[in-house]
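Let me give you the structure first, and then I'll get to my questions.
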Amino acid sequence: MSRPELVAPPEIYYGDSEAKKYTSNSRNQQIQSQMTHRALELLNLPPDQPAFLLDIGCGSGLSGEILDEEGYEWVGVDIAPSMLEVALEREVEGDLFLQDIGQGFGFRPGVFDGAISISVIQWLLNAESSHPTSSPPHRLTRFFTTLHSALRSPSRAVLQFYPSSDDQIELITSIAQKAGFGGGVVVDYPNSKKARKVFLCLFVGGGGGAQSRELPKGLDGEGIEEGEAAARFEKRRERERKRDKSGKRKAVKGGKDWILKKKELYRQRGKEDVPRDSKFTGRKRRITF
């Protein structure tokens, strides 16, 4: 691997024991956390509102833990059974599916409010076999077409990846546009070999968010270390999580307002057996001895 921070495809490099070692590595956890936070920032979801997200290439659930912390419901897909087994052992809250994303998705149209992916889609550029339908363009077309269908309008998908050339970026973005997506590529720290990160920020419809039709700007700087970037993201996230855009305090996860919004989201999706709202909703029980 040319980049030490590259998250390798688990189906190729990891067995059961290797998957556990990879997941427990503190550096891998830090990198995954940093890029997931940045992907959520680019996703630009409405603050303090429940959302149902797709984690593409979820692996052992490192990104899913961040989604849990932010209060989002999510579904994860991955091609590696060993990584999904680790995710199950770690008891992540998302629903997990064994899936080759190059074969496309089978989700209902418009079911997701957004999608993220960390260090995955570059592997769609590898041909599965010599058969024409296994070529990178065919796999990318199936991936982007079915992803576009699974996202509601308006919404976004933010896919971080490691291209090896400008030609790969052009191929990926052109196929995404043919599938119906708007948007483009966002590059953070373009002048830094170590910190440079490429995100494909795709819009369905308007793209969601307050500035839905405007492609986000990449972060500037030269040679910023990943640890410094992670600390900066964490400080900003901590400030933003305490206040919404109007300056009011956000609803705490597990609080009454948060629970009511989540239940309403379930009702809109047609989920059955959602408990009725009452004066006891979100009330903590007293512990007696």
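Predicted, not measured: the structure shown is a model, and the values here were computed from it.
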| query | Run the side chain to side chain contact (heavy atoms under 4.5 Å, CB included) check on Ile116 and Ile56 step by step: do they pass? | reply | CA-CA 6 Å; Ile116 66 167; Ile56 302 166; over 6 Å; no

| query | Knowing that exactly one of Lys217, Gln160, Arg38 qualifies, which makes a side chain to side chain donor-acceptor pair (under 3.5 Å) with Asp188? | reply |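 So, applying the side chain to side chain donor-acceptor pair (under 3.5 Å) to Asp188 and each of Lys217, Gln160, Arg38, only Arg38 qualifies.
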
| said: Would you compute the distance between atom CG of Asp48 and atom CD of Glu70 and round it to the nearest 0.5 angstrom? | reply: 11.0 Å

| message | Looking at every heavy atom in both Ser33 and Ile66, which two are closest together, and how far apart are they? | response |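 Nearest pair, atom of Ser33 first, then Ile66: OG-CD1, 3.8 Å.
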
| query | Distance only, no hydrogens: is a donor on one side chain within 3.5 Å (strictly under) of an acceptor on the other, for His138 and Ser135? | reply | yes

| task | Would you please say whether a donor-acceptor pair under 3.5 Å links the side chains of Trp74 and Asp68? | result |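 Distance-only check passes for Trp74 and Asp68.
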
| message | Between Arg139 and Asp100, is there a side-chain heavy-atom distance shorter than 4.5 Å? | response | yes

| request: With sequence neighbours excluded, tell me which residues meet ring-ring contact (aromatic ring centres under 6.0 Å, His included) with Phe112. | output: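 Phe112 satisfies ring-ring contact (aromatic ring centres under 6.0 Å, His included) with Phe52, Phe107 once adjacent residues are dropped.
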
| said: Check this for me: does any side-chain nitrogen of one of Asp113 and Arg152 sit under 4.0 Å from a carboxylate oxygen of the other? | reply: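 A salt bridge links Asp113 with Arg152.
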
| message | Within the 4.5 Å heavy-atom criterion, are Cys201 and Leu215 side-chain neighbours or not? | response | yes

| If only atom types and distance count, is the side chain of Arg156 paired as donor or acceptor with the main-chain N or O of Leu42 below 3.5 Å? |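 Here the side-chain-to-backbone pair exists.
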
| query | Any side-chain donor paired with an acceptor under 3.5 Å for Ser174 and Glu170? | reply |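 No, because no side-chain N or O of Ser174 sits under 3.5 Å from a partner of the opposite role on Glu170.
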
| field | Tyr162 to Met35 - nearest heavy-atom pair and separation | value | OH-SD, 3.9 Å

| said: Using 0.5 Å steps for rounding, measure from the OG atom of Ser164 to the CD1 atom of Ile169. | reply: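 Here the interatomic distance stands at 9.0 Å.
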
| task | Would you sort out whether Leu96 and Asp78 count as a side chain to side chain contact (heavy atoms under 4.5 Å, CB included), showing the intermediate values? | result | CA-CA 8 Å; Leu96 305 175; Asp78 202 280; over 6 Å; no

| said: Measuring only between side-chain heavy atoms, which start at C-beta, is Asn44 closer than 4.5 Å to Pro216? | reply: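 Asn44 does not reach Pro216 side chain to side chain.
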
| query | Side-chain contact, heavy-atom cut-off 4.5 Å: Leu67 with Leu40? | reply | yes

| task | Could you go through the side chain to side chain contact (heavy atoms under 4.5 Å, CB included) check for Ile101 and Ile79 one step at a time? | result | CA-CA 8 Å; Ile101 62 174; Ile79 198 173; over 6 Å; no

| task | Indicate the atoms forming the closest heavy-atom contact of Leu84 with Gly59, along with that distance. | result |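 Heavy atoms only, the tightest pair is CD2-O, 3.9 Å.
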
| task | Hey, could you give me the CG/OG distance between Leu53 and Ser63, rounded to the nearest 0.5 Å? | result |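 The OG atom of Ser63 is 11.5 Å from CG of Leu53, to the nearest 0.5 Å.
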
| message | Quick one: does any side-chain atom of Arg90 pair with a main-chain N or O of Ser60 as donor and acceptor, under 3.5 Å? | response |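 Between the backbone of Ser60 and the side chain of Arg90 there is a qualifying donor-acceptor contact (under 3.5 Å).
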
| query | Is the side chain of Asp55 donor-acceptor paired with the backbone N or O of Gly76 at a distance under 3.5 Å, no angle test? | reply | no

| query | Does the side chain to side chain contact (heavy atoms under 4.5 Å, CB included) test come out yes or no for Val204 and His148, once each step is laid out? | reply | CA-CA 7 Å; Val204 178; His148 187 278; 4.0 Å; yes

| query | Do Leu219 and Val187 have side-chain heavy atoms sitting under 4.5 Å apart? | reply |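 No, every pair of side-chain atoms sits at 4.5 Å or beyond.
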
| Nearest-0.5 Å distance that lies between atom CG in Leu62 and atom CD1 in Ile118 |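 CD1 of Ile118 is found 11.0 Å from CG of Leu62.
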
| request: Over all heavy atoms of both residues, which pair between Gly104 and Thr146 is shortest? Give the atoms and the distance, please. | output: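 Between these two residues, the closest heavy atoms are CA-OG1, 3.3 Å.
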
| Rounded distance (nearest 0.5 Å) linking atom CG of Leu124 with atom CG of Leu159 |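 Here the interatomic distance stands at 10.0 Å.
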
| request: Measure across Lys194 and Lys197 and return the closest heavy-atom pair with its distance rounded to 0.1 Å. | output: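 Reported closest heavy-atom pair: O-NZ, 3.9 Å.
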
| message | Check for me whether the distance between the ring centres of Phe143 and Phe105 falls short of 6.0 Å. | response | yes

| field | For Ser134, all residues meeting side chain to side chain contact (heavy atoms under 4.5 Å, CB included), sequence neighbours excluded | value |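 Ser134 satisfies side chain to side chain contact (heavy atoms under 4.5 Å, CB included) with Glu128, Ser129, His131 once adjacent residues are dropped.
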
| task | Quick one: closest heavy-atom pair of Gly57 and Val120, and the distance? | result | CA-CG2, 3.8 Å

| Partner residues of Ala176 under the side chain to side chain contact (heavy atoms under 4.5 Å, CB included) criterion, sequence neighbours left out | Phe144, Phe181, Leu202

| Just by distance, do the side chain of Thr145 and the backbone of Thr141 share a donor-acceptor pair under 3.5 Å? | yes

| said: Contact between Val198 and Pro163 at the side-chain level, heavy atoms closer than 4.5 Å - yes or no? | reply: yes

| With distance as the sole test, does Glu41 use its side chain to make a donor-acceptor pair with the main-chain N or O of His37 at under 3.5 Å? |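 Looks like no, no N/O pair under 3.5 Å.
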
| field | Spacing of Tyr189 atom OH and Asp220 atom CG [to the nearest 0.5 Å] | value | 9.0 Å

| query | So do Gln49 and Leu45 actually touch side chain to side chain, heavy atoms under 4.5 Å? | reply | no

| task | Check whether any side-chain heavy atom of Val75 sits under 4.5 Å from a side-chain heavy atom of Phe97, and report yes or no. | result |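 Heavy-atom side-chain distance check passes, below 4.5 Å.
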
